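Chain identifiers are assigned alphabetically (A, B, ...) following the order of the sequence lines, protein sequences preceding nucleic acid strands; residue numbering begins at 1 within each chain. Because the structure is predicted, anything quoted here is derived from the model rather than measured.
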Amino acid sequence: MARGSQLFFDHTGPTGQRALAGLGSKLQGDTAAGISPDIVERSQSFGESIADHIALWAKSDGGDVIETMGFPSDYTLTPGPSHWVPTNAIRMQQTPLLPAWGKNRTFIVPDGASCPLPPPPDYSEDPKSTFYKQALEVYTTSKSLTPEQRKIARFWTDDPMLSPTPPGHWNSMVLQIMERQHASIETYVDVLARLGIAVADGFIGCWHEKYRYDLVRPVTYIRRLIDPTWESPILTPPFPEYPSGHSTQSASAATVLTPIFGENFAFDDTTGEADGLQPRHFSSFWDAANEAGISRLYGGIHFRAAIELGLEQGRCIGGYVNALKTRK
Amino acid sequence: MKWLFFTSALMAGIFVGLASAAAEENQPITPKFVEITDHSGIDSHYTGDWEYMVGGGVATFDCNGDGFPDLLIAGGTSPAKFYQNISTKGGAIRFEAKTSGLELDKVIGAYPIDIDGDGIIDLVLLRVGEPVLMRGLGGCKFERANEIWKFETHDAWNTAFAATWEKGATWPTLALGTYINYHETIYPWGTCTDNYLYRPDSTLKPVSGFQRPDLLNPGYCTLSMLFTDWKRSGTPDLRVSNDREYYQGGQEQLWHIPAGSPPALYTEEEGWKPLKIWGMGIASYNLSFDGYPDYFLTSMADNKLQVLNRPSDGTAPVPAFKDIAYPKGVTAHRPYIGDEKKPSTAWHAQFEDVNNDGYVDLFIAKGNVSQMPDFAIHDPNNLLVQSKDGQFHEMGDKAGVASVLTSRGASLADFNLDGKIDLLVVNRWDNAQIWQNVTPDAGNFVEIMLHQDGPNRDAIGAWLEVDNGDHIMRREITIGGGHASGQLGWHHFGVGTAQSVKVRTIWPDGTAGEWETLANNAFYSVSRGQAAKAWQRGTSP
């Protein structure tokens with residue numbers, strides 16, 4: 001654990017390095033108590049070799065090196081009104097986040113293209129078109145958000161670098177559940193491995209489609225055609241719109257967790273408490289995944305098609321993960 | 001056809017010529033600095049490990065009344081060093097290390113302020129552990145004053161400071177910002193400690209100390225604070241810049257500090273727009289000449305230049321700011337020299353006019369937190385020079401100040417009183433560096449020191465206005481901001497080619513002084529209710 005943490009978080013800052021060192025010492029002290037030093041040494045060496053092996057494998061997955069915070073300086077935007085353009089004035093974010101992420105090696109799904117999606121509704125600026133109507137839905141919804149809808153939008157924002165992130169949110173949910181259940185170590189390992197694969201492959205599949213279609217964000221379209229002063233209720237993420245990443249990975253997670261915990265497994269999620277967000281109750285994992293999806297429409301950052309088809313893509317990816325055999 | 005072609009070519013040539021002339025007209029004077037560290041007498045390293053990854057400040061003040069700015073440089077685990085300015089006016093910049101009583105260890109930053117209103121500058125030392133108030137005794141000697149001024153302290157990582165004189169108060173109100181719980185070794189994230197507000201104890205007759213502090217809760221790991229009258233109401237509020245790396249549920253903050261009432265955070269219902277950055281420093285200046293301060297906030301990879309969104313219908317402004325860093329050219333998000341494309345880490349920021357053209361420029365100290373591989377290691381300091389059209393242009397390399405050491409705090413001040421702003425930068429694990437401004441074609445200047453009788457002798461909260469015939473420059477007089485670095489003394493204005501300027505002071509209580517015409521290239525002492533006096537060397541300003 002200590003070696004793996006050092007290897008996977010080797011780019012962390014001085015506080016992270018200090019924490020890793022402290023954690024390593026504590027783990028060593030706790031686990032070595034009462035065991036003869038030669039056994040400790042051999043066990044530690046074995047554990048470290050496993051960590052090294054995994055880290056070496058991870059180095060070749062295509063996502064090992066992230067430069068300039070994931071915003072490539074040499075990316076060329078696709079011309080045309082239907083395509084993504086920068087949505088904020090942050091200089092680093094004038095190119096989109098991680099355009100090659102969809103090419104990364106997956107864990108279980110054959111590759112990023114294995115759960116393809118149909119194209120989004122045809123781009124159009126005609127008020128009678130499906131595309132325009134979906135944009136208008138985002139706009140009118142944002143103008144009449146109920147307090148509950150606003151809460152939902154904020155609960156699931158999960159902005160990178162400002163929150164646990166969407167995968168972190170789902171990990172947090174199942175950790176809460178397993179802690180409440182006093183789950184066995186085998187269950188912890190199985191659930192975290194499946195969930196980790198589901199959200200990792202979910203994002204690779206989603207990113208593959210995002211950069212295949214490279215669709216414009218609602219804020220760009222709405223300001224251009226409906227209301228030049230409009231602002232999305234939550235921050236618009238700096239990458240193409242279709243499909244919704246939170247929808248894909250949430251559906252992938254729900255697809256994996258439902259067979260383990262049950263179809264109608266109800267739970268409370270306190271993930272956002274430290275950020276001042278009230279806990280939310282869900283009647284099932286799909287209840288949570290659907291809410292995560294629709295939160296993006298309430299937040300004004302996705303059209304409905306990206307949410308509904310994102311959820312579909314997540315089901316497909318989760319299905320691959322469910323075929324994984326982890327127990328005898 | 002040939003005639004048409006010739007005419008078109010001629011017109012095109014004229015337009016190109018006009019555009020080129022316009023571009024030339026807009027090109028600011030290139031400032032020139034010479035590094036003089038080796039001959040300056042400065043030899044001060046900011047040392048220490050994790051607890052000293054932030055801080056590294058410098059206080060700039062005149063403690064012997066000769067008009068020349070003296071320095072206290074934070075040393076981290078090494079003792080802070082006091083340097084007396086022994087420069088000659090217009091000559092080489094020289095400092096001499098002297099024993100002052102300020103040589104404490106664990107100092108990360110310092111701010112000068114006359115707390116007890118005796119006309120002698122005191123200092124606030126930000127430290128890891130206990131913050132210390134140092135009372136000025138005169139002649140650049142200081143003594144600890146926590147006990148005599150009833151300054152109740154807490155064990156904390158003290159990282160930010162600001163001060164104001166509330167309406168009717170004879171002593172200042174001090175805001176003290178703190179960072180992470182530095183005792184937490186395994187998981188310090190989410191352990192931001194409270195900030196404190198120290199108000200004068202009015203039960204003491206006369207006031208001679210502070211009440212027990214109010215908590216500014218929640219604290220979100222603060223690295224810079226500034227009392228500033230952002231809406232020009234006459235009552236400054238407290239801006240707080242926080243490091244998002246460590247807070248949970250945090251954001252930048254703006255506190256109401258109403259005289260006689262408890263502090264209260266501005267809310268979204270009042271118009272406050274949440275912002276989350278790795279907030280490390282605040283610089284302010286009225287860049288747009290509209291009378292309202294604009295704010296530059298330093299961060300990692302993404303610095304902000306905020307202007308107030310003022311309602312067009314004339315109603316009172318709400319605290320909603322627009323970020324114009326990108327269009328103004330001050331994002332300073334990655335190194336501009338060398339091969340590194342990784343994002344920058346910005347700390348101290350300060351607006352001063354380094355070429356005296358009448359348009360303030362922006363200096364930003366840069367430096368990796370500590371070998372963070374995703375951020376630039378050789379991260380040059382920025383000198384963004386403003387042109388007449390309000391755009392900023394990177395000239396750190398041309399000016400000779402693009403140091404790639406690991407910088408933190410800084411001071412832009414006229415160390416040799418030649419009318420040009422010089423520069424000192426504090427570096428982590430390295431010697432502080434000092435540059436003399438030798439810009440040959442710099443414009444004219446005036447420098448002004450404010451005085452008023454009674455408390456708040458340095459007129460903190462005043463606005464100084466200088467009209468050079470082209471535009472009116474306005475500077476809010478504050479204590480706070482920057483990164484762990486404060487200064488008190490001359491207020492410098494570049495005035496371009498103007499031979500004389502009109503100057504007016506709006507004093508902290510809102511009383512506007514008369515406009516006075518002052519000759520350029522001189523130093524003035526402005527006392528409330530009196531005509532400005534030209535300062536002569538050898539007299540106390």
Please tell me if the side chains of [X] and [Y] come closer than 4.5 Å, counting only heavy atoms from C-beta onward.
X	Y	result
A:Ser73	B:Arg334	yes
B:Lys341	A:Asp74	no
B:Trp50	A:Gln17	no

For [X], look at atom [atom1] and say whether over 12 heavy atoms of other residues, nucleotides or ligands are found less than 6.0 Å away.
X	atom1	result
A:Phe9	CZ	no
B:Asp313	CG	yes
A:Glu67	CD	no
A:Glu179	CD	no
B:His378	NE2	no

What's the separation between atom [atom1] in [X] and atom [atom2] in [Y], rounded to the nearest 0.5 Å?
X	Y	atom1	atom2	value
B:Ile186	A:Lys26	CD1	NZ	7.0 Å
A:Thr15	B:Tyr182	OG1	OH	15.0 Å
B:Lys276	A:Ser163	NZ	OG	8.0 Å
B:His333	A:Arg91	NE2	CZ	4.5 Å
B:Met372	A:His11	CE	NE2	10.5 Å

**Message:** Less than 4.5 Å to any heavy atom of chain B: does that hold for the side chain of A:Ile66, its backbone, both, or neither?
**Reply:** backbone
**Prompt:** A:Asp10 versus chain B, heavy atoms under 4.5 Å apart: side chain, backbone, both or neither?
**Reply:** backbone
**Message:** If I compare all heavy atoms of B:Tyr326 with all of A:Ala89, which pair ends up nearest, and what's the gap?
**Reply:** CB-O, 3.4 Å
**Prompt:** Can you name the closest pair of heavy atoms from A:Ile90 and B:Lys304 and give their distance?
**Reply:** CG1-NZ, 3.8 Å
**Message:** Regarding A:Arg18 and B:Glu184, does a basic nitrogen lie under 4.0 Å from an acidic carboxylate oxygen?
**Reply:** no
**Ion pair check, A:Arg154 and B:Glu268, cut-off under 4.0 Å** = yes
**Prompt:** So what's closer than 4.5 Å to chain A heavy atoms on B:Tyr247: side chain, backbone, both or neither?
**Reply:** neither
**Asked** Side chain, backbone, both or neither: which part of B:Lys342 has an atom under 4.5 Å from a heavy atom of chain A?
**Response** backbone
**Request:** Considering only heavy atoms and a distance below 4.5 Å, find which of B:Thr185, B:Asp302, B:Ile180, B:Asn303 pairs most often with chain A.
**Result:** B:Thr185
